[in-house]
Number of protein chains: 2
Amino acid sequence: MEKDIREILKKNQLSVTASREKILQLFIDHNGALAHGDIEKKAGEKFDRVTVYRTLQTFVDKGIIHSIPTADNSVRYALCKDDCQGGHHHDHHVHFVCNNCNNTYCLDNVVTPDIRLPKGYSGEHIEVVVEGICQQCN
Amino acid sequence: MEKDIREILKKNQLSVTASREKILQLFIDHNGALAHGDIEKKAGEKFDRVTVYRTLQTFVDKGIIHSIPTADNSVRYALCKDDCQGGHHHDHHVHFVCNNCNNTYCLDNVVTPDIRLPKGYSGEHIEVVVEGICQQCN
DNA sequence: CAATAAAAGCAACAATGTTGCAAAATATTT
DNA sequence: AAATATTTTGCAACATTGTTGCTTTTATTG
Ligand SMILES: [Mn+2]
Ligand SMILES: [Mn+2]
Ligand SMILES: [Zn+2]
Ligand SMILES: [Zn+2]
């Protein structure tokens with residue numbers, strides 16, 4: 001298990017540090033997305049806030065995690081599947097926010113649909129966020 | 001024109017004040033979405049920051065504007081079409097963020113698709129944000 | 001115009017995010 | 001294994017963004 005973590009970091013040409021190990025572990029253990037605040041609460045006693053910001057940014061740049069848009073000014077992050085690298089994310093799945101438990105999930109098996117855009121617009125990336133009640137809460 | 005503004009406010013049982021008129025005017029004049037910061041820049045010399053926050057919140061509550069999720073911690077707002085009232089928004093259109101001019105548009109004619117969710121999930125609301133190059137910039 | 005209700009402004013504060021730099025940790029070379 | 005070079009961290013200081021209570025001002029109603 002711990003081996004895995006170090007492997008992931010090395011595979012992405014990142015030096016293995018305590019904070020990166022810890023934060024990556026959090027994502028692997030947690031089934032769902034994490035906001036900056038969540039991470040700070042769970043790991044913040046050991047690490048500086050600035051380190052959390054920088055680590056998240058690094059992980060996004062490397063394609064280890066991806067960000068999920070929200071309508072409430074609190075971006076969330078979740079693990080990418082294997083094939084996102086060098087900042088090129090090619091996850092095309094739908095995200096789900098539960099109105100009850102307030103968790104955010106990646107629905108890895110639900111692919112984002114094609115959208116027919118009006119003349120003149122060209123789409124490069126699609127984000128779909130569904131809000132409702134999750135499996136656990138239903 | 002100015003008549004319209006007052007009409008909209010009155011129709012929503014809001015008293016007509018200088019800040020509400022001004023901010024609503026901004027939305028009507030501007031073809032696209034506005035972030036809090038935008039409004040503060042365009043109207044902020046006359047109004048307190050707190051007033052802008054409260055006005056936007058009021059407009060959302062009344063169904064005059066709706067918020068658009070983003071992945072960069074800066075919620076944007078845009079005018080609702082006529083039939084959103086009492087905080088019940090029933091816009092079901094796609095939003096578009098231009099990577100060039102950085103504007104956000106409501107694609108009022110593009111309805112959000114149905115998404116088939118995994119067993120156990122029940123969806124209540126769908127947000128679709130497409131990123132790419134807009135009409136103007138193409 | 002007076003009375004009442006609502007909104008705006010102000011101040012103080014809390015939370016969130018950013019930057020430069022010195023110290024510490026990690027990786028690399030000898 | 002130790003020395004060196006590189007990278008990351010923590011800290012401090014600061015900037016930006018968002019919130020709350022309270023007083024003054026403004027708008028609505030009759
Ligand atoms: Mn995801
Ligand atoms: Mn819209
Ligand atoms: Zn739930
Ligand atoms: Zn554009």
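Proteins come first, then strands; the chains are lettered A, B, ... in the order of their sequence lines, and each starts at number 1.
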Carefully, step by step, assess B/Ile23 and B/Ile39 under the rule side-chain contact (heavy atoms from CB on, under 4.5 Å). CA-CA 7 Å; B/Ile23 291 175; B/Ile39 294 166; 4.0 Å; yes

Given B/Thr112 and B/His93, is the side-chain contact (heavy atoms from CB on, under 4.5 Å) satisfied, shown in steps? CA-CA 5 Å; B/Thr112 54; B/His93 57 267; 5.8 Å; no

Step-by-step ring-ring contact (aromatic ring centres under 6.0 Å, His included) determination, A/Tyr121 to B/Phe96: CA-CA 9 Å; A/Tyr121 291 88; B/Phe96 190 93; 4.9 Å; yes

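Here the nucleotide nearest the side chain of B/Phe47, chosen from D/dT9, C/dG9, D/dC11, is C/dG9.
Residue A/Thr51 has no polar side-chain atom (N or O) positioned under 4.0 Å from OP1 or OP2 of D/dT9. At the phosphate of C/dT16, neither OP1 nor OP2 sits under 4.0 Å from any side-chain N or O atom of B/Asn73. Checking the phosphate oxygens (OP1, OP2) of C/dA7, a side-chain nitrogen or oxygen of B/Arg20 falls inside 4.0 Å.
In this structure, the CD atom of B/Glu21 is 11 Å from the P atom of C/dA8, given to the nearest Å. Look at CG on B/Asp48: it is 13 Å from C1' on D/dT17, rounded to the nearest Å. If you measure from atom CZ of A/Phe59 to atom C1' of D/dT8, you get 12 Å, rounded to the nearest angstrom. In this structure, A/Leu56 atom CG and C/dT18 atom P are separated by 11 Å, rounded to whole Å. Here D/dT9 presents its C1' atom at 17 Å from CD of A/Gln57, a figure rounded to the nearest Å. As rounded to whole Å, 19 Å separates atom P of D/dT16 from atom CD1 of B/Ile39. Taking atom NE2 on A/His36 and atom P on C/dG17, their separation rounds to 6 Å, with Å as the unit. What separates CD of B/Glu40 from C1' of D/dT16 is a distance of 10 Å, to the nearest Å.
Side-chain rings of B/His95 and B/Tyr105 stay apart, their centers remaining 6.0 Å or farther from each other. Between B/Tyr77 and B/His66, the gap from one ring centroid to the other reaches at least 6.0 Å.
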Enumerate all atom pairs, one protein N or O and one N or O from nucleotides 19-30 of chain C, separated by less than 3.5 Å.
{"unit_1": "C/dA27", "atom_1": "OP1", "unit_2": "A/Val16", "atom_2": "N", "d": "2.8"}

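Contact annotation for B/Thr58: no contact, since no heavy-atom pair falls under 4.0 Å across all strands.
A donor-acceptor pair shorter than 3.5 Å can be found between the side chains of B/Thr104 and B/Arg76.
Transitive grouping of hydrophobic side chains (ILVMFWY, heavy atoms separated by less than 4.5 Å) keeps B/Ile115 and A/Ile133 in distinct clusters.
If you check distances only, the side chain of B/Arg49 does reach the base of D/dG18 with a donor-acceptor pair under 3.5 Å.
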